[in-house]
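One structure below.
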Amino acid sequence: MASDFIRDMIATDVETRKHDGKVCTRFPPEPNGYLHIGHAKSICLNFGVAKEFGGKCHLRMDDTNPATEDPEYVAAIQRDVKWLGFDWGENLFYASGYYDQLYAIAERLIRSERAYVCDLNEEQMSEYRGTLSEPGKNSPFRERSVEQNLDLFRRMRAGEFKEGSCVLRAKIDMASPNMKLRDPAIYRIKYAHHYRTGDAWCIYPLYDFAHCLSDPMEGITHSLCTMEFESARELYDWVIAAAEMPWVSRQTEFARLNLTYTVMSKRKLLELVEGKFVKGWDDPRMPTIAGLRRRGYTAEAIRAFCGRIGVAKNLSTVDLALLEFVVREDLNARSRRVLAVHKPLKVIVDNYPNQTEEFHAPYWPEDVPNEGSRSLPFSRELYIDADDFMETPPNDFYRLGPGREVRLRHAYVIKCERVAKNAQGEIVAIHCSYDPQTRGGVTPDGRKVPGTIQWVNVADALDVEVRLYDRLFVTERPGEARDFKEEMNPKSLMTVRMKVEPSLKNATIGDRFQFERLGFFIVDADSQPGSPVFNRTVSLKDSWAKQTSKSVQVSPRASKPKTEVKATVAVELPVEAQELMARHGISSEEARTMAAETHILVLFEGALASGGASKIAAALACNDVLGEVRARKLEGAPFSGKALAELSQLIGDGTLSSKQGKDVLGKMFDGEGGPKEIVKKLGLQQITDASTIEAMVDRVLAANADAAARFRAGNANVLGALVGLAMKESGGKANPKLVSDLLKKKLA
RNA sequence: UCGGGCGUCGUCUAACGGCAGGACAGGAGAUUUUGAUUCUCCUUAUCGAGGUUCGAAUCCUUGCGCCCGAACCA
């Protein structure tokens with residue numbers, strides 16, 4: 001499995017023995033709909049990570065809203081996760097299984113004055129909450145006593161109050177810039193029957209309370225969720241801390257999956273199901289796991305897809321073509337090839353005797369290492385596909401046309417002699433001759449027959465129902481310009497009849513085939529014994545169709561309009577920065593940084609006071625110290641201005657190159673002592689001796705003869721790489737400027 | 001900008017500060033009893049402007065753009 005930022009983070013946590021080196025993840029769907037391919041990404045990530053690090057992944061039904069949840073969904077979720085190939089073992093949990101504990105924690109929060117019962121109605125509450133840019137104001141019920149809150153909360157539970165009359169709220173901060181922290185509701189009254197707890201409760205916890213507590217209750221180490229929960233993380237941490245949970249789970253967010261030509265929210269999918277735009281959650285056009293399964297996708301293909309799309313934080317919309325690619329790749333290796341004719345056109349082989357012969361036809365092409373074959377009956381009346389005949393074909397059409405030859409797959413080469421038409425002038429049959437020398441499709445005389453087409457014997461043809469599926473939406477991003485339901489593809493399902501070879505009579509539900517030249521198909525559950533129904537999983541790539549439709553095809557996707565280069569408005573330097581600039585003789589950029597980052601200013605002034613070289617110290621402080629502080633999520637540098645002064649002196653007097661200076665800075669952050677100490681410990685005296693450097697440069701050049709050629713060919717970046725190599729050769733001690741100059745001279 | 005997140009080929013995703021790589025899509029060709037598969041080759045990217053550095057996609061400043069957040073949903 002390729003790595004990603006989450007796996008990197010977990011690997012670090014395991015190495016540093018966080019949580020005792022254990023890894024426990026969870027997949028927490030709400031049973032209010034079916035799982036879709038977007039969930040598959042999360043499932044593959046959570047279960048995959050657990051497996052890779054020798055940990056566990058729990059399956060947890062996040063069922064805290066009795067109004068929308070249903071046991072049917074619970075069963076479907078388990079079926080789909082299992083089908084995808086993942087096993088939660090004993091670890092199936094329900095948020096509803098924690099209602100007692102959650103209630104107890106809520107009372108604890110009340111006792112520690114971190115929660116209160118609020119009687120504001122929904123409208124008032126939203127008014128009190130303020131807006132994104134204005135702070136909210138405290139609820140008039142915020143200062144109720146512990147006793148009163150406890151009493152009220154218990155009466156909420158006892159069913160003494162109407163639905164909506166009050167809620168339990170966390171007492172955090174109504175002025176927080178993070179709206180999630182403005183005293184969020186954590187319990188509401190709902191007189192609804194819960195599918196698991198029945199009528200035991202009339203108050204239910206909300207997501208922000210239940211979810212973040214379920215995690216530590218189960219010993220979850222890494223709580224992976226999608227980006228829209230990012231601002232909830234602060235609340236997540238607050239609740240765990242406020243509840244004084246003995247276990248702390250860490251939430252990390254990644255980007256959810258979007259697919260072109262697809263809608264991916266449960267709300268929209270539910271709308272499609274309830275509005276009968278599709279035939280249910282498992283309609284093969286749906287991006288649900290159940291739909292994809294019925295469409296003929298394999299779990300392997302879906303997992304491969306999830307592996308290929310990666311995990312990152314960028315908002316991303318994956319091309320549907322990638323999903324089609326992985327399923328073709330998978331199906332190519334596992335589907336038997338059979339012959340089927342979509343639009344039957346009768347061929348009469350006039351010179352063929354009145355008989356039936358059988359051809360031995362392998363199920364697999366040569367490059368798929370599988371065994372098996374069937375026999376194919378052949379006689380003088382056959383069906384071929386109407387698309388494989390043209391009365392006036394262009395030169396590059398190498399199928400059948402008047403006077404032209406074509407190979408019938410596994411059978412004979414035939415030649416079109418004449419076309420039979422009815423009174424309306426429509427073609428009713430093609431009269432052909434066959435070449436008896438070409439039995440099995442070979443041409444002993446060595447002549448080229450470029451076209452090979454599929455066919456079915458009229459007498460034995462099976463007439464079957466086939467469902468041709470296509471993308472559900474016609475636009476890449478349905479719903480972006482108008483209501484997504486107005487952008488549905490009217491041809492997303494075309495139910496047709498096909499003539500297929502007789503061996504398919506006993507195909508059973510779930511069998512997969514490739515209908516040669518047409519696509520991959522699976523036998524649908526609607527099949528009856530002896531009369532299979534096929535779903536097209538995906539068509540074959542068809543470069544002929546692509547070529548012929550080129551003229552009508554939309555122009556290749558326009559490249560993204562580059563953001564217009566606007567005249568850069570010089571941003572005025574704040575007064576404090578101007579003062580600093582004048583006072584310390586530093587650059588405007590540095591002054592700006594120091595004016596904004598007090599700890600950098602303090603550090604720099606400390607360095608100045610200790611006699612540090614001001615230019616170097618300023619650059620170091622603003623560019624490198626600040627970067628390091630941020631990367632390590634610190635408040636400030638863990639060393640004094642004096643240490644910075646010392647370092648800048650070492651650089652200033654040539655003891656250290658600026659590169660070494662930065663390395664030393666890293667060690668200072670690691671707490672390995674002062675600059676001089678580190679230099680001594682590591683023996684970091686910079687190498688400036690010309691002959692020593694030349695020897696190293698020569699060695700690097702000798703070992704990378706091709707690099708020199710590439711540099712001369714115009715790749716200027718090679719120089720950087722060679723400098724890097726020479727630096728490594730010197731153990732980081734060479735003066736990079738000297739190395740670079742020498743290299744330039746030698747390469748010129 | 002009230003807070004947060006994110007900007008790398010058309011798309012998705014890599015690159016301890018050291019030759020911007022891979023996959024899909026697109027194009028050209030070879031092989032082919034599936035115009036499939038397979039195999040070769042090619043096109044295309046670091047949001048802009050400054051700064052630090054021998055060297056910046058990466059560090060700093062700044063501008064721009066996109067996304068998320070004001071359910072008693074999850």
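Each chain gets a letter, A, B and so on, in the order the sequences are listed, and its residues count up from 1.
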If each of A:Pro365 and A:Leu626 is mapped to the nucleotide of RNA chain B with the nearest heavy atom, which maps nearer the 5' terminus, i.e. the 5' end?
-> A:Pro365
Just one of A:Lys541, A:Arg308, A:Arg334 clears the salt bridge (Lys or Arg N to Asp or Glu O under 4.0 Å) bar with A:Glu329, so which one?
-> A:Arg308
Parallel, tilted or perpendicular: which describes the rings of A:Phe513 and A:Phe515, with under 30° parallel and over 60° perpendicular?
-> tilted
Is the shortest side-chain N/O distance from A:Asn717 to OP1 or OP2 of B:G55 below 4.0 Å?
-> no
Answer with yes or no whether A:Lys546 presents, from its side chain, a donor or acceptor under 3.5 Å of a partner atom in the base of B:G35.
-> no
Go through the N and O atoms of the side chain of A:Glu590 and the base of B:U61, and report whether any donor-acceptor pair is under 3.5 Å.
-> no
Compute the ring centroids of A:Tyr412 and A:Phe359, then answer whether they are less than 6.0 Å apart.
-> yes
Does any N or O donor sit under 3.5 Å from an N or O acceptor when you compare the side chain of A:Arg409 with the base of B:U34?
-> no
A:Arg188 side chain near B:C73 phosphate (N/O to OP1/OP2, under 4.0 Å) = yes
Distance below 4.0 Å between A:Arg517 side-chain N/O and B:G35 OP1 or OP2 = yes
Below 6.0 angstrom between ring centroids: does that apply to A:Tyr187 and A:Phe153?
-> yes
May I ask you to verify if any side-chain N or O of A:Lys541 is less than 4.0 angstrom from the OP1 or OP2 atom of B:U37?
-> yes
Rounded to whole angstroms, how far apart are CG on A:Asp663 and P on B:U53?
-> 16 Å
